[in-house]
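One structure below.
Whatever order the structure lists ligands and atoms in, that order sets their numbers, starting from 1.
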Amino acid sequence: MPHLHLESFKTPSFPARCGDVEFDFLARNAGRGDESLIATRYKGREFFLVHKKNEAKELLKSDKVTRPSPNFIVKHALLAYAECAGLNILDSNVDNAPENTHLKTHDALKTIAFFAENFPTQREVRIEVGFGSARHLLHQAEANPDVLFMGLEIHKPSIEQALKHISIRNLSNVMVLDYDARLFLEFVPSNVVGKIYVHFPVPWDKKPHRRVISEAFLNESIRVLKPQGTLELRTDSEEYYRYALETFSAPGQSRFEVYKNRDIAVSSKYEDRWKRLEKNIYDVIFTCETESPEAEAIGDFTFGSTQNPAAVLERIGSETLKREWGFLHVERTFTIEPDTVMLRLAMGSFDRPESCYVIVEPGRTRYYPSLPVRSRANLAAHTLLNELLHG
Ligand SMILES: C[S@@+](CC[C@H](N)C(=O)[O-])C[C@H]1O[C@@H](n2cnc3c(N)ncnc32)[C@H](O)[C@@H]1O
């Protein structure tokens, strides 16, 4: 990661500007004097640079939680801060190369915030869970140009590989997301999905609670599927197949079909391997027969008004507050002004915790620089935080 190794750290008087980069304020770690965050703005992007000091080194680098991409922004901001504060750089891994306009983020790569804020519903959506080599996802996208495909993966090299092929094949109807499929469905509006493919999921025979298919996943699938839409499991694991049969039979009314060793249009890498080993392959295809109501609006991220920010630190300890929806934990506290504090939180679901910052000043509390992802677990964590802050 880009960083500067400094002779000593200095601050300009805030707010400060160097060319097209602005520095708004400094937040000092309230527990340890060896860390401070510098609120930085470049072309509408807000993030923190971090100053860290240990016995051997003074370092300036980017903050993990708010780090912008591409890396050019971080490098540019680090050099701008050094110039603005008159820092002496001992060494660094930051070059002064101009922005490489070819390295723009891939259009098909989306963040969960993209879906949470404005889920695309103009055309039929199909979702592939754990696309791996992406053979099936790419084949389907090419064969169905009017359908919008959303591919979910948690393995980064598979995502990079898929993005490369999306560019080579010039596909404009695929979106790719690095996110846990078990949590993704809650961001999908009701009745918009034609098909959900779950092909060769990790069987998790010893830890069945980690499986993608579960009663909760089935219920969310039923909500997001259109009537006659399908949830399609394909697996080589006899145990997973039997487990899916049991899960898919649980709803009061359900229709599903079962196939053994059925050929489909494209064979994935896993499928090729299992076929070579002469393993059986099972399909269990669940059909949704009902229209579902829209998911309820589930609150927002507003806060009550804070009278005494200093008292906040006393009220909120550093203990992790665990609930059935997830948890809330204050990782670090910072001081911005004598009467303004900032909290770094980890919160939300145990499977996909989120880190974020909250600034508490007299009369006003706000997330900075952006709101958390609007998931149920994050909203529940927010409600708990608001209660703690405003009692
Ligand atoms: C056994 S591979 C199968 C890949 C591909 N579907 C195929 O048929 O070749 C399972 C894939 O699911 C991904 N995966 C596992 N759990 C996931 C989850 N909760 N959300 C999204 N992807 C997941 C893994 O990273 C892995 O690439």
- For ligand 1, find out whether one of its N or O atoms is nearer than 3.5 Å to an N or O atom of P201. no
- When the ring planes of Y243 and Y240 are compared, do they come out parallel, tilted or perpendicular, using 30° and 60° as the limits? perpendicular
- Query: Relative to each other, are the rings of Y368 and F48 parallel, tilted or perpendicular (30° and 60° limits)?
  - Reply: tilted
- Flag the pair M150 / R126 as yes when at least one side-chain heavy-atom distance between them is below 4.5 Å, and no otherwise. no
- Is it true that Y282 and Y259 have ring centroids separated by less than 6.0 Å? no
- Item | Nearest protein heavy atom with distance in Å, relative to atom 17 (C) of ligand 1 | I154 CD1, 3.6 Å
- Mind checking whether F187 and F115 have ring centres under 6.0 Å apart? no
- atom 20 (N) of ligand 1 has as its nearest protein heavy atom A181 N, 2.9 Å
- Item | Min N/O separation S133 to ligand 1 under 3.5 Å | no
- Task: Taking only heavy atoms of D180 into account, list the atoms of ligand 1 that are under 4.0 Å away from them.
- Result: 18 (C), 19 (N), 20 (N)
- Centre of W204's six-membered ring, under 6.0 Å away, within 45 degrees of the axis: is that where NZ or CZ of R210 sits? yes
- Message: Within ligand 1, which atoms have a heavy atom of S268 less than 4.0 Å away?
- Response: 7 (C), 8 (O), 9 (O)
- Message: Checking a contact table here: which protein heavy atom is nearest atom 3 (C) of ligand 1, and how many Å away?
- Response: F200 O, 3.2 Å
- Check: of Y270, Y197, F131, min heavy-atom distance to atom 2 (S) of ligand 1 comes from Y270
- Over 60° means perpendicular and under 30° means parallel, so classify the ring planes of Y42 and F72, tilted if in between. perpendicular
- Is the shortest N/O to N/O distance between G130 and ligand 1 below 3.5 Å? yes
- Message: For atom 24 (C) of ligand 1, which of the options H155, R135, E153, R273 provides the nearest non-hydrogen atom?
- Response: E153
